[in-house]
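Just so it is clear, the values below take in all heavy atoms, side chains as well, and ignore hydrogens, waters and symmetry mates. Indexing begins at 1, ligand by ligand and atom by atom, following the structure's order.
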Amino acid sequence: MRCLSMGEYLKSIKNKTKYIIVTGGVMSGLGKGITTASIGRLLVDMGYKVIPIKIDPYINIDAGTMNPFQHGEVYVLKDGTEVDLDLGHYERFIGVELTGNHNITTGKIYSKVIEKERDGNYLGKTVQIIPHITDEIKLWIRKMAMENNAEICIVEIGGTVGDIESMPFLEAIRQMHNEERDEDFLLIHVTLIPLDLGKEQKTKPTQHSVKELRRIGLQPDIIVGRCANKLKEETKRKISLFCDVPVEGVISAEDAKDIYEVPLMFKDEKLDKYIIKKLKLQERRQSNEWEKMVKKLQNFEKEIKIAIIGKYINVKDSYLSIREALKHAGIATGCKVNILWIESENLEKKDKVKIDADGILVPGGFGQRGTEGKIKAIQYARENNIPFLGICFGFQLAVIEFARHIIGWEDGNSSELAKTEHPVIDLLPEQSKVNRFGGTMRLGDIEVTIKPKTIAHKLYRKEKIYERHRHRYEVNPKFISEFERHGLVFSGYSDNGRRIEIIEYPKNNFFLGTQFHPEFKSRPYSPSPPFIGFVKAALEFSN
Ligand code: GLN
């Protein structure tokens with residue numbers, strides 16, 4: 001019997017995964033991640049099982065070592081993989097929990113291939129980009145789709161068509177296109193439609209980037225045109241004519257007021273219907289959960305102002321998940337959360353700190369720069385009974401502030417920052433044992449136990465929770481009893497009580513800190529409990 005080729009084999013399976021590939025043209029930063037996430041949302045709303053995959057063509061294995069100044073926030077998945085913030089968009093929009101396998105990088109693919117080569121798997125052949133690297137890419141995508149029983153697998157390719165780095169991935173996609181049936185494969189190209197000086201919509205850059213795609217053997221089925229305003233019919237017709245895409249396949253993606261409006265905008269453009277038609281799928285039930293959430297978002301009656309004291313505040317994306325989590329809590333409590341960004345270093349220069357806000361949030365961070373400013377902000381919040389939420393580094397600095405100004409240990413500090421007699425935040429000796437990833441960082445979902453009759457318990461209404469971590473240092477157990485004597489409550493712990501996870505100060509209306517990052521699990525329709533508590537307290541404060 002003749003062996004089936006991979007392509008013939010795939011064609012022979014009936015109910016298999018359909019693939020939607022999303023590429024980008026003209027320039028980066030067009031919101032390809034949000035486009036991908038929004039398409040995922042529309043398909044989920046129609047009742048399809050969708051999995052997203054993000055391809056990052058950089059050589060890093062993951063985003064763990066990347067600087068937030070350059071890349072925006074490092075997002076942490078439940079298995080502890082540190083990834084690009086687009087995976088945060090996927091989780092929030094599509095409502096799935098992802099793992100490191102949903103993120104493919106050049107680093108990961110090459111490592112796999114080199115490992116196989118050392119194991120002698122290539123039987124003496126010369127190992128090459130085509131077919132070995134491209135095979136590995138296709139295998140990874142298909143395996144993920146199969147293992148997750150995906151009806152639809154959406155693959156976003158980071159970067160812009162034409163980048164050297166993304167070539168092997170696009171070549172793999174080209175091969176996949178040939179191997180899959182037409183109705184199982186859809187290519188969506190996201191491009192920029194700039195306005196000229198007379199505010200005319202210009203299609204030439206799009207034509208060029210589609211040409212670039214064709215040069216490598218790919219033809220888009222759908223073009224999503226990012227533009228400051230809605231694409232005119234005439235613009236759509238022009239793109240259709242030059243790029244060989246039917247007019248109904250040219251989709252307008254004008255700037256939205258809020259990213260959560262994008263799925264609805266696409267729905268208005270009938271993108272969901274068009275995708276279903278092209279993939280020869282049935283229209284299933286339509287859920288309006290998302291629409292209801294967006295309605296709330298568009299009709300807030302109240303407003304509050306939250307100060308975020310950070311050090312990457314020029315790059316707003318550095319705190320993306322926190323911004324989103326605040327918004328989610330706002331949706332649940334019916335108020336618009338305005339953010340006042342404060343550069344912590346600026347607070348350091350001031351003798352007397354004054355922060356005009358209904359709540360103060362100190363987010364995660366690393367290193368010395370700006371920490372004294374953050375501590376000043378925490379002191380201000382505590383002394384003036386302004387609702388306070390400290391996350392990770394913010395939580396650690398709240399412990400330090402308490403040590404210095406309530407217990408009276410002026411040299412109270414973290415051993416990450418200084419050598420001191422009172423290292424109230426320290427490296428725990430057994431730290432390395434819990435780590436599953438080779439480094440010394442404590443990462444990903446860890447079970448946290450919450451003490452009954454605490455604020456944390458009121459918020460979570462559970463004794464066992466799972467939250468995502470990304471840190472090295474922890475509360476030093478040596479000093480705990482002294483803190484408790486002065487009224488600080490350690491309301492959450494992990495690792496049989498060895499590690500402190502939550503602090504609260506019941507003397508204030510709302511003063512809470514978490515060693516973990518609750519923002520990573522917050523969703524627009526199920527906000528994170530600490531954020532709800534914080535926003536509610538800020539709302540009360542504003543009244
Ligand atoms: N720098 C601190 C630590 O490593 C906090 C980390 C963070 O805020 N993510 O423990």
Side-chain angles (χ1 to χ4, degrees), residues 62-69 71-78 80-83 85 88 308-313 315 317-323 325 344 360-375 377-378 388-401 403 412-420 423-435 437-446 448 467-477 479 492-495 498-503 512-522 528 530-531:
D62 61 37
T65 53
M66 290 184 165
N67 181 343
F69 273 123
H71 287 274
E73 134 189 307
V74 173
Y75 190 80
V76 182
L77 300 174
K78 66 174 176 188
T81 317
E82 298 162 285
V83 290
L85 50 80
I308 297 184
I309 322 294
K311 77 167 178 181
Y312 309 110
I313 62 161
V315 195
D317 277 356
S318 314
Y319 302 113
L320 183 72
S321 293
I322 289 184
R323 231 169 58 198
S344 50
I360 295 178
L361 190 152
V362 178
F366 293 83
Q368 176 63 50
R369 187 173 73 79
T371 50
E372 291 304 319
K374 290 179 184 172
I375 292 174
I378 297 168
F388 167 77
L389 181 61
I391 295 175
C392 205
F393 202 41
F395 151 98
Q396 297 174 356
L397 295 176
V399 172
I400 294 170
E401 194 279 326
N413 217 326
S414 162
S415 29
E416 178 183 2
L417 309 169
K419 237 182 129 58
T420 159
V424 291
I425 302 294
D426 201 8
L427 275 184
L428 261 61
E430 66 273 38
Q431 176 68 68
S432 52
K433 280 195 206 126
V434 269
N435 196 293
F437 305 98
T440 52
M441 196 89 90
R442 212 169 160 238
L443 286 163
D445 260 7
I446 290 170
V448 173
E467 290 280 13
R468 299 185 192 170
H469 294 65
R470 183 175 191 247
H471 68 110
R472 282 195 185 91
Y473 292 83
E474 299 180 68
V475 173
N476 191 337
F479 300 108
Y493 55 87
S494 60
D495 211 7
R498 268 206 302 263
R499 299 167 203 279
I500 299 300
E501 296 277 359
I502 312 175
I503 54 161
L512 189 101
T514 61
Q515 178 62 82
F516 49 81
H517 290 268
E519 70 272 23
F520 293 141
K521 279 191 133 172
S522 188
S528 160
F531 279 87

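When the side chain to side chain donor-acceptor pair (under 3.5 Å) test is applied to S321, the partners found at least two apart in sequence or on another chain are E73, R92. Partners of Q396 according to the side chain to side chain donor-acceptor pair (under 3.5 Å) rule, which considers only residues two or more places apart in sequence or in another chain, are Q515. In this structure, the side chain to side chain donor-acceptor pair (under 3.5 Å) partners of E467, at least two apart in sequence or on a different chain, are Y460.
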Distance dump, ligand 1 polar atoms to protein, N/O, under 3.5 Å:
residue: ligand 1; atom: 1 (N); partner: G365; partner atom: O; Å: 3.0
residue: ligand 1; atom: 1 (N); partner: E416; partner atom: OE1; Å: 2.7
residue: ligand 1; atom: 1 (N); partner: E416; partner atom: OE2; Å: 3.1
residue: ligand 1; atom: 4 (O); partner: R472; partner atom: N; Å: 3.1
residue: ligand 1; atom: 8 (O); partner: G365; partner atom: N; Å: 2.9
residue: ligand 1; atom: 8 (O); partner: G365; partner atom: O; Å: 3.3
residue: ligand 1; atom: 8 (O); partner: F393; partner atom: N; Å: 3.0
residue: ligand 1; atom: 9 (N); partner: R470; partner atom: O; Å: 2.8
residue: ligand 1; atom: 9 (N); partner: H517; partner atom: NE2; Å: 3.4
residue: ligand 1; atom: 10 (O); partner: Q396; partner atom: NE2; Å: 3.1
residue: ligand 1; atom: 10 (O); partner: R472; partner atom: N; Å: 3.0
residue: ligand 1; atom: 10 (O); partner: Y473; partner atom: N; Å: 2.8

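Between F366 and F393, the gap from one ring centroid to the other reaches at least 6.0 Å.
Summarising the geometry of L428 relative to V475, their closest heavy-atom pair is CD1-O, 3.9 Å, with the distance given to 0.1 Å.
Remark: R472 does not engage E416 in a salt bridge, criterion side-chain N to carboxylate O under 4.0 Å.
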